[in-house]
Structure formats: C-alpha cells, structure tokens
Asks: 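So that we are looking at the same thing, I have put the structure below in structure tokens.
Below, chain A is the first sequence line, B the second, and so on; all start at residue 1. Fair warning: this is a prediction, and the values are worked out from it, not measured in the lab.
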There are 2 protein chains.
Amino acid sequence: MSEFDTPEASTDARTLADRVFARLQDDIVRGVLPPGTKLGETELAARYGVSRGPLREAIRRLESRRLLERVPHVGTRVAMLSIPELVEIYRVREALEGMAARLAAENMTAAEIAGLGELLAQHERQPGVQADTAYIQSEGDLDFHYRIIHGSHNATLIDLLIGEMYHRVRMYRLQLATLANRPQKALSEHRRILEAIEARDGEMAELLMRRHISRAREHLEAQHAASPDEPSWTNGKP
Amino acid sequence: MSEFDTPEASTDARTLADRVFARLQDDIVRGVLPPGTKLGETELAARYGVSRGPLREAIRRLESRRLLERVPHVGTRVAMLSIPELVEIYRVREALEGMAARLAAENMTAAEIAGLGELLAQHERQPGVQADTAYIQSEGDLDFHYRIIHGSHNATLIDLLIGEMYHRVRMYRLQLATLANRPQKALSEHRRILEAIEARDGEMAELLMRRHISRAREHLEAQHAASPDEPSWTNGKP
DNA sequence: GACGGCCATATTGTCGACAATCTTGCTTGA
DNA sequence: TCAAGCAAGATTGTCGACAATATGGCCGTC
C-alpha cells in the first residue's frame, strides 16, 4: 500500500488532533465517507473516540485541504468534485507536474531513478487489462507521479502537489472506479518519461509529462461529454 | 488598501474562530508579529479576547497556510522564510503565474482589462523612485499580479496562488523593505504584460510574465549573494 | 390548498477547568 | 568543574458543560 501521507500525519502522531486528522483524511480519500456525506461532530467524535475539541481542529485542517466543506452554524460535509472542477485541477497539474518532471530530470539521485525504474517494471509485469487491476494500476499511476514530484527536490512544489491537490484527485478516482482508465497507454507514456529522466533531459521530461496529463484530461473530458452527469454526486446543488 | 483577503476571512465573519483567523493572519502578514515570534496560546487568546478553543482552530488553519510553525507540546511560532526558500517559491510562481497570465489573456472580461489598465496608469503616475514609495510600489506590484491571477478565472489556480503562496511572499516583503525593488523596470514589464493581455495574446502574456518573475528572482538571488545572511531571522536553526 | 411566520429541537460555537507534556534551573555526584 | 538527573513551573492538550444559531415541523392565515 503506497504511502501517500504527509509526514506529520502518520497514525501515531503526538496529539489526538493529529491522529484524528490522519484517520479522517484516510476515510475520506478511501471512500469510507463518500462525497457529500454530512458529518455530525458529536457522531464523529464518538466514532474516533475523542472529544469535539481535537476533532474540530482536524476538521479545520481538512477544510484547508478542501477535503471538507463547512458552513458556519450549519455543518460539515465531505467535499464534492464536479468533472469541470477536476478538469481545472488537471490543467494546473499539467503546469506543476511538467515543472516537477523537468526538475526531477535535473535533480533526482541515481538511487531515486533506479527505484522509479523498478516501480515501472513492476507495473509492466502486471496483467494490465483486466477490470480488477484497473484500480491497482490507478494507484500505481499515482505512485509513479508521486515519486517524480518528490524527485523535483523542490519543497514548495511538493507541498502544493501532494498537500493541496493530490488528495482530491485520489478521492475522486476511488469514487469513480468505473471511469475507465487507459492503463497500457499510460504505462508506455510513463516509460518514456522515465527514459527522459534517465537521460537527464529536463525539457523532454517536461514535455512528455505535460502530454501525459493532458491526454488524461482529454480522456476525462470525453467521458464527461459522453455522460455529463455520470457521477451521481456531481456538484449540482440540490 | 488593497483587499488581499480570501472571502471567508473578512473581519466580520460568522464565528470567532474565523475572525481570529483573519486578524491573526493580518498581524503576521503586516509584520505586527515578526517571523520567529513565539506565540503563547493564553497570551494570544487574551489579546484577541477569545478563549483558547477558537484560537487553536485559527492556529491550525494558519499552520496549513504555512504562516505558523507548530511543534506538538512545545509551541507555535510565526513562520520564517529563508532566501533559498523564497527563491523556490519564485520558481513555482513562474510556472503558475505564467499560466495565469495566459489564461487571463484568454478569459479576462473587457471590464477587468480596463480596470487593470487604470491600476497600472495610476502606478505610473506615482513618483516611483523615492525610497518611501518603494513600499507602496511593492504593494501595487502584488495588486497587479493579484488581478491577473483572478483574471485567469481558474478557481484552482487562484486558490493555490492566493491561498497558499502569496501570503508568504507578502509577509516576507514587508519584513525586508530594505531589499531594494526595481520599480521602473517592473512597471514597464507590467505595461508590456497588459498589452499582451489586451491583444488577447496568451502565449506572449505567459512569456512576459515568466520573464518578469524570473527577473525578480534573479534580483533576489543577487541580493542574497551580496549579503548572504541579510535577514537576521533567516532560517538557520539556533 | 399554499404560503408565511413561529416554536421546539438538534447541532454547532464557545468557554473554563483539568490532565499531560515539555522546559529550565537546581541539586548532586563523580 | 562539569554532567546527569530531578523537580517545579509553565504551557499545551483534552474534555465536558453551557450558550447561540439554524433547521424543520406546526399552526394560522390568505
């Protein structure tokens, strides 16, 4: 199970608020609490075995990460993401991850590149086409991107992508497992990105990464055009 | 006084936690609480006339924005920013604001463009070289960038730049008023960016914006090379 | 029958007190 | 004299109770 969490969010953090933050984020991202779920503070506090104080601190942090939406005096619910919003995110990812790929080609250590190669080889060894493994592949895709982002060795970039954007993408992806991926093509694109990084060709790595994300976005937009209100929890306010 | 605050942060928000968040952020960004200041919860609660509950919620949010640094069971202090970190931020700004400029050229309304023109004309009317007005110019620079970011009409981009990065830049800038700006050159660069936007030339707008920020970054790096430990609160842990 | 205002209820917002943890200065021994 | 351990103090973490606000159903009126 790939480790996507930010360092301070490990489950055995020093304070209850930190632990609740980690667990709640996990439950949201993994789909235990689907988008749109109303979260009662008393109920949640009981569920996690803490008082409402630490819980509210965790909620405020998740709100900052846009995983929760809160209305004063009314309540908190799990954030929803419409396809147009997701497309917007992909457009920003294109710029940021393109930059990350360029920096990764320049800054990744030999060990990091080797590790990335192993990860990719492992993905290629999997029988990629069955419906079941689509989910696995999906997480694997994130893992690949995740490593390149870290390979940029730019803390600001890492914070923005991992801390602010990726959780939302993950949440969405788990909710819409039906939304077909394109494993083989994505995999070969990953392969070429890796080759560019191995060649320390930053410009090429950026170009390939931008294309890779751009194609995923186009795929998404095509799906959306085909069935505009596919995700039942799409952001239409009731 | 330009309005940089995020909508929910207006001073008369519905809850104490929101108001404290806004006031505390303002005190940090405006330099009332300089970087490195230790923040005692009891003392702060008294200062803002609230209990520690809402205060802690505000602290967690400011921590998410990287304006505060917190160590469990030890305390909270105003975040510090070293020049290398700031340079890193400028590199990311280059990518994100370049994109914002391109989108602004494509998406800004005629009214928004007219308003941007007025703002720039107003800056050009100011006697730009005196030491005092450097600060004004400085805020004006941020205002210009701020409008272009919003002109992108991409909510994700706006959130990242305004919500996650700009507060840190603002804080830094106020602390280091001595770090000379380059008002005239920046102003003429702004003028050319505006022209590209008026011509709806997205590619040109992006190119010019990237150059503009890149030059500011180089200026920063040059200053830093000249006096490496200029800011007394630079991030060297004592 | 539909609309608007009112009240009971449940939920959120806030507070003050208690418990747990870290810091710091002192003591004690080598 | 210096270092390690300890204890007192201060600060942060957590909790349960109280107050304020919105929701939703009820009643009355048009």
Asks: For B/Gly115, is there any backbone N or O sitting under 3.5 Å from a side-chain donor or acceptor partner on B/Glu118?
Replies: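 No, the answer is negative, given that no donor and acceptor are paired below the 3.5 Å cut-off.
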
Asks: Using a heavy-atom cut-off of under 4.0 Å over every strand shown, decide if B/Ile59 touches base, sugar-phosphate, or nothing.
Replies: nothing

Asks: Quick one: CG on A/Leu62 to NE2 on A/His167, what's the gap to the nearest 0.5 Å?
Replies: 9.0 Å

Asks: State which residues pass salt bridge (Lys or Arg N to Asp or Glu O under 4.0 Å) with B/Glu41; sequence neighbours excluded, sorted by chain then number.
Replies: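 With neighbours one apart ignored, the set is B/Arg52, B/Arg56.
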
Asks: By salt bridge (Lys or Arg N to Asp or Glu O under 4.0 Å), which residues pair with B/Arg93, not counting sequence neighbours?
Replies: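 For B/Arg93, the residues satisfying salt bridge (Lys or Arg N to Asp or Glu O under 4.0 Å) (neighbours in sequence not counted) are B/Glu97.
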
Asks: Using only atom types and a distance under 3.5 Å, with no angle test, would you say the side chain of B/Glu85 pairs donor to acceptor with the backbone of B/Ser82?
Replies: yes

Asks: Describe the nucleic acid contact of B/Leu55 in one word from base, sugar-phosphate, nothing, applying a heavy-atom distance below 4.0 Å.
Replies: nothing

Asks: Would you give a per-nucleotide map of nucleotides 13-24 of chain D, 5' to 3', where B means the base has a protein non-hydrogen atom under 4.0 Å away, S means only the sugar-phosphate does, and - means neither?
Replies: BBB-B---SSS-

